[in-house]
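Down below is the structure, laid out as structure tokens.
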Amino acid sequence: MHYKDNIDYPPMLTRPVVFVPLLSAIFAGLWWFQSGDGAFGRLVRGLAPVAEGNPLNLVTAACVTALVGFNIFVVMRLPLRQQVWLVWGELAALILLFFYSFDLSFAFIQRKIGFLITQGLLTTLYISAASIAIATVLALMGAIAKLSSNGIAQGIAHFYTSLFRGLPLLMQIYMIYLGLPQLGYVVDAVPTGIAALSLCYGAYMTEIFRAGIESIPRGQWEAARALGMRPVAVMTRIILPQSMRVIIPPTGNQFISMLKDSSLVSVVGVWELMYLARTQGQTEFRHIEMMVTASLIYWLMSIVLELLQKRIETHFNKAATR
Amino acid sequence: MTSAHAAAVKAALPAIEISGLNKWYGNLQVLHDVNLSVAQGERMVICGPSGSGKSTLIRTVNALEGFQDGEIKVAGIRLTRDQAVVEEIRRRVGMVFQQFNLFPHLTVLENCALPLRLVRGLSPAEARARAMHYLSKVRIPEQATKYPAQLSGGQQQRVAIARAVAMQPEVMLFDEPTSALDPEMVKEVLDVMVALADEGMTMAVVTHEMGFARQVADRVIFMDAGRIIEQGPPSTFFSAPKSDRTRAFLQQVLH
Ligand SMILES: Nc1ncnc2c1ncn2[C@@H]1O[C@H](COP(=O)(O)OP(=O)(O)OP(=O)(O)O)[C@@H](O)[C@H]1O
Ligand SMILES: [Mg+2]
């Protein structure tokens with residue numbers, strides 16, 4: 001729906017042909033899966049005494065369906081932006097409720113979260129930020145090499161993307177951490193993590209950058225060259241700024257994915273977020289507490305990256321959307 | 001053409017000199033032994049059927065296309081594949097394309113000013129001032145802060161002309177500058193080109209606008225199948241074409 005049409009379609013969810021089957025499906029699904037046995041059922045029994053078994057299932061399914069229907073009814077009356085935020089918030093609340101239902105010990109989380117952040121989060125951030133920066137440079141070099149007319153550069157770039165996209169990231173980490181010492185070069189754990197993540201994500205991003213550069217029509221190159229611009233200026237002033245529109249969305253994906261893949265470097269003993277989440281919970285058998293906490297921290301960081309991506313996209317879309 | 005103008009044309013070193021030019025795409029020969037000299041201040045129009053090699057010919061001049069055999073000189077400089085030589089020649093030769101090729105991520109003003117800064121080394125303020133000057137000459141200074149996509153085709157092509165002319169080249173190449181335009185916008189672009197010709201710019205124009213050729217050209221070249229078939233001043237070229245192929249072509253475009 002990028003280009004808004006000038007037709008007032010009746011909203012899908014207000015059409016009986018849509019909402020009747022939808023609510024029926026929800027009701028049937030809840031009933032089928034005997035929702036009365038679970039949390040929803042407990043909730044309903046807390047409000048009114050209903051017999052266990054079939055009656056409870058029926059009542060639970062009916063209640064939840066009614067709640068969903070009412071929610072749709074309310075949301076549909078709001079302006080678009082508020083709809084989006086409200087729905088987002090409701091879903092987020094449901095997920096948090098889901099975590100809450102694990103019966104977590106908040107005292108334990110409170111005791112550990114400081115260390116999780118100062119040691120784990122900072123390490124994760126440090127490794128990810130360094131890897132993002134290096135991967136971007138590698139990707140740019142890889143893409144330019146692939147598009148160049150230099151056989152050596154092309155050969156290296158093709159081998160590079162093939163190897164580092166092809167090998168499991170875990171294997172790459174071991175190769176650097178355990179393999180290189182065989183040649184007499186010892187690499188510390190954190191540099192190992194940064195190197196492996198940069199190389200691996202640089203390989204994926206090489207393809208993104210290459211596709212982005214190739215998406216620019218030939219005429220742009222020709223016009224810039226005909227004006228006498230040097231190759232570096234053509235690339236940095238004309239081609240790359242236009243490619244950014246194509247490059248940024250998939251690159252945002254890569255960064256978010258890298259953030260979480262940085263947890264793999266815990267295998268060489270780096271005290272990053274995931275490593276601490278696993279080890280801190282061990283002594284008191286509070287795994288879930290630490291996992292949930294770490295997960296939420298990852299999610300928050302991803303949200304920050306999402307927002308950042310959105311801003312950068314807006315910036316590079318400036319000319320196109322005017 | 002006044003006689004003083006003609007004398008000036010004769011006297012100076014040719015702006016472009018092409019001799020024995022041959023070019024192949026694989027096995028397909030697209031230029032056959034082309035010999036052509038464009039004098040300084042001369043206005044040359046190149047016409048011919050589709051696929052006859054007109055674009056290829058003018059694009060070899062600023063090395064957007066390579067060639068296998070022959071020689072091209074621009075202002076006496078022999079075109080090689082050497083980067084310094086090619087860049088020197090591109091600084092002397094401006095080009096306008098059928099598809100405008102404005103930079104969509106830059107405003108109209110930046111389109112004209114950026115190359116001035118990068119290639120001519122002007123300061124940002126100087127570059128903007130000169131860009132505005134040339135945008136005024138093509139009569140769209142008020143569009144300076146807009147982006148290309150916000151302009152009509154005719155306006156975009158005029159910006160493209162301003163961008164090229166602002167570099168103050170010695171020669172301007174035009175590759176069918178009005179072919180992608182709606183009919184009502186052709187005139188505004190041709191008017192700008194006529195004004196440019198009146199200022200004495202050396203021009204090589206690939207076009208099917210025979211009215212423009214009659215009004216402006218010193219010489220009309222007819223190409224077919226990679227060869228220059230016929231050339232002459234518009235007066236004789238249009239009224240008494242020598243070759244059958246030229247006659248057949250003119251019948252089609254003039255109808
Ligand atoms: N990149 C290319 N690879 C192979 N053949 C090409 C290429 N570019 C052009 N040609 C061929 O070269 C010949 C001359 O093309 P050119 O574009 O110079 O013709 P033109 O006279 O400009 O035609 P038009 O009026 O359609 O623009 C044509 O036969 C065309 O098919
Ligand atoms: Mg052509």
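Below, all heavy atoms of this structure are taken into account, side chains as well, without hydrogens, waters or symmetry copies. Numbered from 1 within each chain, the chains take letters A, B, ... in sequence-line order.
- Of all non-hydrogen atoms in A:Ile132 and A:Met258, the two that sit nearest each other are CG1-SD, 3.6 Å.
- Per-residue heavy-atom pair counts under 4.5 Å with chain A were compared for B:Glu87, B:Met167, B:Lys146, and the maximum is reached by B:Glu87.
- When the candidates B:Asn62, B:Leu64, B:Leu173 are compared by the number of heavy-atom contacts under 4.5 Å with chain A, B:Leu64 comes out ahead.
- Nearest heavy-atom pair across B:Leu135 and B:Ala162 is CD2-CB, 4.0 Å.
- Ranked by heavy-atom pairs under 4.5 Å with chain A, the first of B:Asn101, B:Val96, B:Leu118, B:Leu114 is B:Asn101.
- Between A:Ala196 and A:Ile173 the shortest heavy-atom distance is CB-CG1, 3.6 Å.
- Across all their heavy atoms, A:Tyr298 and A:Leu259 have their closest contact at CE2-O, 3.6 Å.
- Contacts between residues 219-232 of chain A and chain B, counted as heavy-atom pairs separated by less than 4.5 Å, involve A:Gly219, A:Gln220, A:Glu222, A:Ala223, A:Ala224, A:Arg225, A:Ala226, A:Leu227, A:Gly228, A:Met229, A:Arg230, A:Pro231.
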So A:Glu207 and A:Arg210, salt bridge (Lys or Arg N to Asp or Glu O under 4.0 Å) or not? Walk me through it. CA-CA 5 Å; A:Glu207 288 300 287; A:Arg210 182 188 56 75; 2.9 Å; yes
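- For B:Phe103, the parts sitting under 4.5 Å from any heavy atom of chain A are the backbone and the side chain alike.
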Given salt bridge (Lys or Arg N to Asp or Glu O under 4.0 Å), test B:Glu88 with B:Arg92 step by step and report yes or no. CA-CA 7 Å; B:Glu88 175 63 29; B:Arg92 290 164 185 263; 2.8 Å; yes
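- Between the side chains of B:Tyr134 and B:Gln168, at least one donor N or O sits under 3.5 Å from an acceptor N or O.
- Note: B:Arg59 leads B:Arg59, B:Gln83, B:Arg120 in heavy-atom pairs under 4.5 Å with chain A.
- For B:Val93, the part sitting under 4.5 Å from any heavy atom of chain A is the backbone (N, CA, C, O) and nothing else.
- For the set B:Arg91, B:Met95, B:Arg163, the count of heavy-atom pairs under 4.5 angstrom toward chain A peaks at B:Arg163.
- Here the closest heavy-atom approach between residue A:Gln254 and residue A:Tyr201 is recorded as OE1-CD2, 3.2 Å.
- Nearest heavy atoms, B:Asn111 versus B:Pro148: ND2-CG, 3.8 Å.
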